[in-house]
Student: 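Before anything else, here's the structure in question.
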Amino acid sequence: MGGCSAPNCSNSTNTGKQLFRFPKDPVRKKKWVVNSRRDFEPTPHSRLCEDHFEQSQFEEIARSSAGGKKLKPNAIPTMFSFGEPPYPAITSPYILLPMKSEPVEKELSFGDHGYARRIPLPGLDNKDGDRADDDQQTCTQCQILKKQLEKEMQHTARLQKEAEEMKKRLYRLDRIEKGLQNFLFEDQIRALSLTKRSRRAVWSPETILKAQKIRSAVGTKGYEYLRELGYPLPSYRTLCNRLETKIMVTTDMSCEMLAELGLGLMATCSSPTDGVRDNDEEELMGVLS
């Protein structure tokens, strides 16, 4: 196994020293390179030995998997045995301390995260600052897109709920229509959607025949009562105009009595048409033609 990468240091595992890899984080790795006074790019095999770290940089209790010392997540090497470094040594991830005797014009402070730093370290490329600005803009856009996504999801949930309600209503209406088909013809079902005062229904021959039977069974007053309740039936005038057998009848018998005979005859009656609101066809004339 290789030895320590620090200049003028020949320590290795063979001499009983523990070696530590350079960190993968580019910011921390750059701090290690600056403090070691070497202008090189560390490889996966580059190491620094334990002599270059202060005791405070090690975990007090935790140990590595091999049983040796374990560095803290933000450990920085500061102990090197040669002359003045070209750059100030970084002793912690937060404070930059000078090692030269010249006064420092301004103290630099920065956090662990590279994207939060506004002033780059000496020797570091300015591209890190640009990358930090790009990361901040990306985070802002992510928050905006996240809010838009939440609104769209809420709108989709509302639409799905409305669609479920519409399905239930359609199912109920379909059952109602099937129930009406058991005792009403299609033209009668269509007439239910028309208003009573503006009803312009077109009655089928089956409905006319059915209406004649109902009128014969319940009489004129019962028939008109059903129509007043909203039962879809043609008016008395329509029944008279749609009779297939058209005969002129002159008799003293009332319309109810003729209906009870079941002969299919209708006299000229004015009483059944009183108060009937039906605009289906022309007014009933005195004589059936």
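Residue numbers start at 1 and run along the sequence shown. Note that the coordinates shown come from a computational prediction; the quantities given were computed from them, not determined experimentally.
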Student: For the NE2 atom of His45 and the CG atom of Leu19, what is their distance to the nearest 0.5 Å?
Tutor: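 If we round to the nearest 0.5 Å, His45:NE2 and Leu19:CG are 13.5 Å apart.
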
Student: Could Arg227 and Glu224 be called an ion pair, given the rule that one side-chain N must be under 4.0 Å from one carboxylate O?
Tutor: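 Yes, Arg227 and Glu224 are salt-bridged.
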
Student: Do the non-hydrogen side-chain atoms of Lys17 and Cys4 ever get within less than 4.5 Å of each other?
Tutor: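 No, side chains not in contact.
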
Student: Tell me, please, which residues at least two apart from Leu159 pass side-chain contact (heavy atoms from CB on, under 4.5 Å).
Tutor: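 Scan of Leu159 (side-chain contact (heavy atoms from CB on, under 4.5 Å), adjacent residues dropped) gives His155, Glu162.
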
Student: Closest approach of Phe20 and Cys49, non-hydrogen atoms and distance?
Tutor: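 Closest pair (atom of Phe20, atom of Cys49, distance): CD1-C, 4.4 Å.
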
Student: With a 4.5 Å heavy-atom cut-off, do Leu229 and Tyr231 have their side chains touching?
Tutor: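 A side-chain contact is absent here, since even the closest heavy-atom pair is not under 4.5 Å.
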
Student: Could you tell me the separation between the OG atom of Ser36 and the CZ atom of Phe22, rounded to the nearest 0.5 Å?
Tutor: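 Nearest 0.5 Å value for the OG-CZ distance: 5.0 Å.
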
Student: Under a 4.5 Å cut-off applied to non-hydrogen side-chain atoms, are Glu54 and Ile76 in contact?
Tutor: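 Counting from C-beta outward, Glu54 and Ile76 never come under 4.5 Å.
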
Student: Taking only Lys NZ, Arg NE, NH1 and NH2, and the carboxylate oxygens of Asp or Glu, determine whether Lys221 and Glu228 approach each other closer than 4.0 Å.
Tutor: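 No, no charged N to carboxylate O under 4.0 Å.
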
Student: Does Gln57 form a side-chain contact (heavy atoms from CB on, under 4.5 Å) with Glu50? I'd like the steps, not just the answer.
Tutor: CA-CA 10 Å; Gln57 302 297 312; Glu50 58 183 277; over 6 Å; no

Student: Please answer: with hydrophobic residues joined when any side-chain heavy atoms are less than 4.5 Å apart, are Leu226 and Ile189 in the same cluster?
Tutor: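 Yes.
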
Student: Leu239 versus Gln212: any side-chain heavy-atom pair under 4.5 Å?
Tutor: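 The answer is yes; the side chains approach within 4.5 Å.
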
Student: Taking C-beta and beyond as the side chain, do Pro42 and Phe40 meet within less than 4.5 Å on heavy atoms?
Tutor: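 Yes, at least one pair of side-chain atoms sits under 4.5 Å.
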
Student: Does Glu186 have more than 12 heavy atoms from other residues, nucleotides or ligands lying within 6.0 Å of its CD?
Tutor: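 For Glu186, atom CD is not crowded (no more than 12 foreign heavy atoms under 6.0 Å).
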
Student: Please say which of Asn35, Asp39, Val33 ends up in a side-chain contact (heavy atoms from CB on, under 4.5 Å) with Arg37.
Tutor: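 Of the listed options, the one satisfying the test is Asn35.
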
Student: If you take all heavy atoms of Arg38 and Pro7, which pair is closest and at what distance?
Tutor: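 Reported closest heavy-atom pair: CG-CG, 3.3 Å.
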
Student: Could you report the tightest heavy-atom contact between Arg242 and Pro205, atom names first, then the distance?
Tutor: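 Shortest heavy-atom contact: NH2-N, 3.9 Å.
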
Student: For the backbone of Tyr236 and the side chain of Arg215, can you confirm whether one donor and one acceptor N or O come within less than 3.5 Å of each other?
Tutor: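 No, the answer is negative, given that no donor and acceptor are paired below the 3.5 Å cut-off.
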
Student: Run through the side-chain heavy atoms of Ile, Leu, Val, Met, Phe, Trp and Tyr, join any pair under 4.5 Å, and report what else lands in Met153's cluster.
Tutor: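 Under the 4.5 Å side-chain rule, Met153 groups with Leu149.
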
Student: Are Ile214 and Leu192 joined in one hydrophobic group, where the rule is that I, L, V, M, F, W and Y side chains link up if heavy atoms are under 4.5 Å apart?
Tutor: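 Yes, one cluster joins them.
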
Student: Indicate the atoms forming the closest heavy-atom contact of Ser204 with Asp187, along with that distance.
Tutor: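 What the structure gives for the nearest pair is N-OD2, 2.8 Å.
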
Student: Minimum heavy-atom separation for Gly3 to Arg47, with atom names?
Tutor: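 Taking every non-hydrogen atom into account, O-CB, 4.2 Å.
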
Student: Check Ala211 against Leu233 and note the closest heavy-atom contact, atom names and distance.
Tutor: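 Minimum heavy-atom contact is CB-CD2, 4.2 Å.
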
Student: Is there a side-chain contact between Phe183 and Gln188, using heavy atoms and a 4.5 Å cut-off?
Tutor: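 No. Closest side-chain heavy atoms not under 4.5 Å.
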
Student: Would you call the rings of Phe80 and His52 parallel, tilted or perpendicular if under 30° counts as parallel and over 60° as perpendicular?
Tutor: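 Parallel.
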
Student: Please examine the side chains of Pro44 and Arg21, heavy atoms only from C-beta on, and report whether any two atoms are closer than 4.5 Å.
Tutor: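 Not in contact.
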
Student: Once you round to the nearest 0.5 Å, how far does CG of Leu71 lie from CD of Gln18?
Tutor: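 Answer for the CG-CD pair, Leu71 versus Gln18, is 7.5 Å.
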
Student: Within the 4.5 Å heavy-atom criterion, are Thr238 and Ile208 side-chain neighbours or not?
Tutor: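 With C-beta onward as the side chain, the pair touches.
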
Student: Take Lys29 and Glu41, measure what side-chain contact (heavy atoms from CB on, under 4.5 Å) needs, and give me the verdict at the end.
Tutor: CA-CA 9 Å; Lys29 181 168 66 174; Glu41 179 64 28; 3.4 Å; yes

Student: Any chance you could measure Glu206, atom CD, to Phe185, atom CZ, to the nearest 0.5 Å?
Tutor: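 So the CD of Glu206 and the CZ of Phe185 are separated by 6.0 Å.
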
Student: Starting from the C-alpha separation in whole Å, work towards a yes-or-no answer on side-chain contact (heavy atoms from CB on, under 4.5 Å) for Glu165 and Arg169.
Tutor: CA-CA 6 Å; Glu165 293 295 331; Arg169 290 186 60 186; 5.6 Å; no

Student: Would you please name every residue forming a salt bridge (charged side-chain N to carboxylate O under 4.0 Å, His left out) with Lys213, sequence neighbours left out?
Tutor: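 Listed in chain order: nothing, the list is empty.
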
